[in-house]
Engineer: 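Below are the structure tokens for one structure; questions will follow.
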Amino acid sequence: MADKNKLVEAITSMDQDFTQWYTDVVLKAELIDYSAVKGCMILRPYGYAIWENIQHNLDRLFKETGHENVAMPMFIPESLLQKEKDHVEGFAPEVAWVTQGGNETLTERLCVRPTSETLFCDHYAHIVHSWRDLPKLYNQWVSVVRWEKTTRPFLRSTEFYWQEGHTVHATAEEAKEETERMLNVYADFYRDYLAIPVVKGQKTDKEKFAGAVSTYTVEAMMHDGKALQSATSHYFGDGFARAFGIQYADRNNQLQYVHQTSWGFSTRSIGAIIMVHGDDNGLVLPPRIAPLQVAIIPIAAHKPGVLEKASAIRDQLAKTFRVKLDQSDKMPGWKFAEYEMKGVPLRLEIGPRDLEHNQCVAVRRDTGEKTVLPLDQLEQSLQTLLDQIHDHLYERALQSRDSRTYQALSWPELVGLVAGKPGFVEAMWCGDPACEQKIKDETGASSRCLPFDQTPLTDTCVCCGKPADKRVVWGKAY
RNA sequence: CGAGGUGUAGCGCAGUUGGCUAGCGCGCCUGCUUUGGGAGCAGGAUGUCGGGGGUUCAAGUCCCUUCACCUCGACCA
């Protein structure tokens, strides 16, 4: 066991086989188990705890921006799903249907929600009558079902957990502001809680949400250079309002259609955490959402005073941190490796030598760095360390992304970059969907977004050579 | 959904041209000794050989079928 880089022999090395590494990590860290239902995953306590921490913090941010939680049914009558043409065309191929209730065949089949725009719209049509009723800023935390052909834990499963916000506004301007506000909430959350840098931008028409006027996205780069669409915020204009008849009387008693948004953030974000921060020893969790922030490992626990001191420290720290004292009879080395695999940000070692000096040893998961900490003011020391870990994870991810973000000024350059170097490639685009499709077909890279920074690189399309004013981030995506 | 691959104990695997009571390592349980990077000794338990059907005197092994997972494509949070 002298090889420090191979402590967890059960995990495949990232560079050897990234997808196998990913599967090993989600299983060995006990985030999920596979279930009896094809494509569905069981979120185990440790994995669900990550989601709970994400939920708590995001939910608070939603409420701070004026949103209320509701719960919609999980079934959508077919007639309701059919009301908005683009929407149904987009989702129909991946919808699960209920055709029977008990022993009775249903007169109208029910779709298991793949997303809930139609239910919210139907409800809004009932409750919105006057300008005084607006805006309505609703959100729900639920699971949805999409009959995916290829599934992977967290990244794409048949059923997945998410939140979906659905809002109605009096004016297009208000709805656009909401769309942008929530995109920023997502981007800030990725930075401040998950330590993941994202590119904010707009989706092309080809990539936008079915039924949306415009879709905004935050795109993150994984360790293997591939892109992950990490959350989206959609502006609907009044398209759904017209399809569902959501109207209100304005101040002049004129009937107006509402303007709408929706925005979603899913358990896919956990896949991003794994693939951005993880290493060959397993998970590396950002401290602010880690189910365990500090794992205390007693050394020579049978020696007088060790367990007592460790317990006292545990009780003291539990007031401030998510902390666990591992009193099992495993060897210390085994515990070190175990909590590393599970991505616990800090490990505290407390042994006989520490007792003598009123200290403990803190070890960072992200760097492996050991620090001897006096037990006085331990909370402050640990808080500082956790913040440093967060900042370091973010900086490391940012540098990793920026160092693999390239610019292509010509077609050969684009083809060469996408083929040779995993990562993002920025290039100019004329706006013709044919060029977008050709790039996808011939390089495998899809348009991730039109980043908000639209500073031109050149003035011609990287594909067709015609005048172009759109700067696009291209990349292979999950 | 197309191409390829893998399913044998909790995990990783072996199992010969079909042949007797299906093995190994790790893990697990008990006891003692250990404890600052995955401990040692002794004893012990654990299998619908992924499921279903077939061929055969005989199937983990051959055939059909089905399910799951992995890889690469096409489609999507």
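Here is the naming used below: chain letters follow the sequence lines, and residue numbers restart at 1 for every chain. A quick note: this is a predicted structure, and the numbers were derived from the prediction, not measured.
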Engineer: Nearest to the side chain of A:Lys149, which nucleotide is it out of B:C1, B:A77, B:C70?
Structural biologist: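 The answer is B:C1.
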Engineer: Which pair of heavy atoms, one from A:Pro287 and one from A:Gln293, lies closest together, and at what distance?
Structural biologist: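 So the minimum-distance heavy-atom pair works out to O-NE2, 3.0 Å.
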Engineer: Over 60° means perpendicular and under 30° means parallel, so tell me whether A:Phe120 and A:Tyr124 are parallel, tilted or perpendicular.
Structural biologist: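 The arrangement is tilted - the two ring planes meet at 30° to 60°.
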Engineer: Any base atoms under 4.0 Å from A:Phe154, or only sugar-phosphate, or nothing? Heavy atoms, all strands.
Structural biologist: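 Contact class for A:Phe154: base.
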Engineer: Go through the structure and list residues passing ring pair (Phe, Tyr, Trp, His ring centres under 6.0 Å) with A:His277, not counting sequence neighbours.
Structural biologist: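 Ring pair (Phe, Tyr, Trp, His ring centres under 6.0 Å) list for A:His277, sorted by chain: empty.
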Engineer: Between the main-chain N or O of A:Ser400 and the side-chain N or O of A:Arg404, is there a donor-acceptor pair closer than 3.5 Å?
Structural biologist: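 Yes, the answer is positive, given that a donor and an acceptor are paired below the 3.5 Å cut-off.
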Engineer: Which atom pairs link the protein and nucleotides 27-33 of chain B when you take only N or O atoms and keep those under 3.5 Å?
Structural biologist:
from: B:C28; atom 1: OP1; to: A:Lys330; atom 2: NZ; distance (Å): 2.5

Engineer: What does B:C28 pair with, Watson-Crick or G-U, if both distances are under 3.5 Å?
Structural biologist: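 B:C28 is paired with B:G44.
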Engineer: So what does A:Pro93 hit on the nucleic acid, given a heavy-atom distance under 4.0 Å: a base, only sugar-phosphate, or nothing?
Structural biologist: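 The answer is nothing, as A:Pro93 stays clear of every strand by at least 4.0 Å.
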Engineer: NA contact type, A:Asp354, heavy-atom cut-off 4.0 Å: base, sugar-phosphate, or nothing?
Structural biologist: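 If one applies the 4.0 Å heavy-atom cut-off, A:Asp354 turns out to touch a base.
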Engineer: For a quick check of understanding: with a heavy-atom distance under 4.0 Å over all strands, which category does A:Val144 fall into, base, sugar-phosphate or nothing?
Structural biologist: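 Nothing: the residue A:Val144, judged by heavy atoms under 4.0 Å, touches no strand.
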Engineer: Measuring only the C1' atom in each nucleotide, how far is B:U55 from B:G43? A whole number of Å is fine.
Structural biologist: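 The same atom, C1', in both gives a distance of 45 Å.
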Engineer: Any donor and acceptor pair, going by atom type alone, linking the side chain of A:Thr217 with main-chain N or O of A:Gln229 inside 3.5 Å?
Structural biologist: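 No; judged by distance alone, with no hydrogens or angles, the pair does not exist.
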Engineer: For A:Gln229 and B:A77, what is the distance between atoms CD and P respectively, to the nearest whole Å?
Structural biologist: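 Between P of B:A77 and CD of A:Gln229: 6 Å.
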Engineer: Quick one, which residues of residues 431-449 of chain A touch RNA chain B with a heavy atom under 4.0 Å?
Structural biologist: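 Of all residues in residues 431-449 of chain A, the ones placing a heavy atom under 4.0 Å from RNA chain B are A:Lys440.
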Engineer: Quick one: label A:Ser157 by what it contacts on the DNA or RNA (base, sugar-phosphate, nothing), any heavy atom closer than 4.0 Å.
Structural biologist: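 Touches a base.
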Engineer: Taking atom types as they are modelled, would you say the side chain of A:His302 forms a donor-acceptor pair with the base of B:U34 within the 3.5 Å cutoff?
Structural biologist: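 Absent.
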Engineer: Compare the minimum distances between each of B:A77, B:U35, B:G38 and the side chain of A:Ala300, then state the nucleotide with the smallest one.
Structural biologist: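 Per side-chain heavy atoms of A:Ala300, the pick is B:U35.
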Engineer: Need one value for A:Glu148: base, sugar-phosphate or nothing, where a base atom within 4.0 Å counts as base even if backbone is also close, heavy atoms only.
Structural biologist: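 Since a base atom lies under 4.0 Å of A:Glu148, the category is base.
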Engineer: In whole Å, measure the gap between the P atoms of B:C29 and B:U71 for me.
Structural biologist: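 Roughly 32 Å separates the two P atoms.
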Engineer: Classify the nucleic acid contact of A:Gly351 as base, sugar-phosphate or nothing, counting any heavy atom under 4.0 Å across all strands shown.
Structural biologist: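 Base: the residue A:Gly351, judged by heavy atoms under 4.0 Å, touches a nucleobase.
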Engineer: Determine the sole option in A:Phe240, A:Phe209, A:Tyr216, A:Trp263 for which the ring pair (Phe, Tyr, Trp, His ring centres under 6.0 Å) test with A:His234 is passed.
Structural biologist: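 Testing A:His234 for a ring pair (Phe, Tyr, Trp, His ring centres under 6.0 Å) against A:Phe240, A:Phe209, A:Tyr216, A:Trp263 leaves exactly one candidate, A:Phe209.
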Engineer: For the residue pair A:Lys200 and A:Phe452, would you count it as a cation-pi contact if the rule is NZ or CZ under 6.0 angstrom from the ring centre and within 45 degrees of the ring axis?
Structural biologist: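 No, a cation-pi geometry is absent between A:Lys200 and A:Phe452.
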Engineer: State the pairing partner of B:U21; accept Watson-Crick or G-U wobble contacts with both distances under 3.5 Å, and report none otherwise.
Structural biologist: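 Across all strands, not a single nucleotide pairs with B:U21.
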Engineer: Within the 4.0 Å heavy-atom criterion, would you say A:Leu155 contacts the bases, only the backbone, or no part of the nucleic acid?
Structural biologist: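 Base contact.
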Engineer: Among B:U71, B:C75, B:G36, which nucleotide has an atom closest to any side-chain atom of A:Arg353?
Structural biologist: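 It is B:G36.
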Engineer: Among B:G38, B:G36, B:C1, find the nucleotide with the atom closest to the side chain of A:Thr150.
Structural biologist: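 Per side-chain heavy atoms of A:Thr150, the pick is B:C1.
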Engineer: Using atom P of each nucleotide, how far apart are B:C49 and B:U21 to the nearest Å?
Structural biologist: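 Here B:C49 and B:U21 have their P atoms 15 Å from each other.
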Engineer: Of all the choices, B:U34, B:A74, B:C70, which nucleotide is nearest to the side chain of A:Thr19 once you look at every atom?
Structural biologist: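 Shortest atom-to-atom distance from the side chain points to B:C70.
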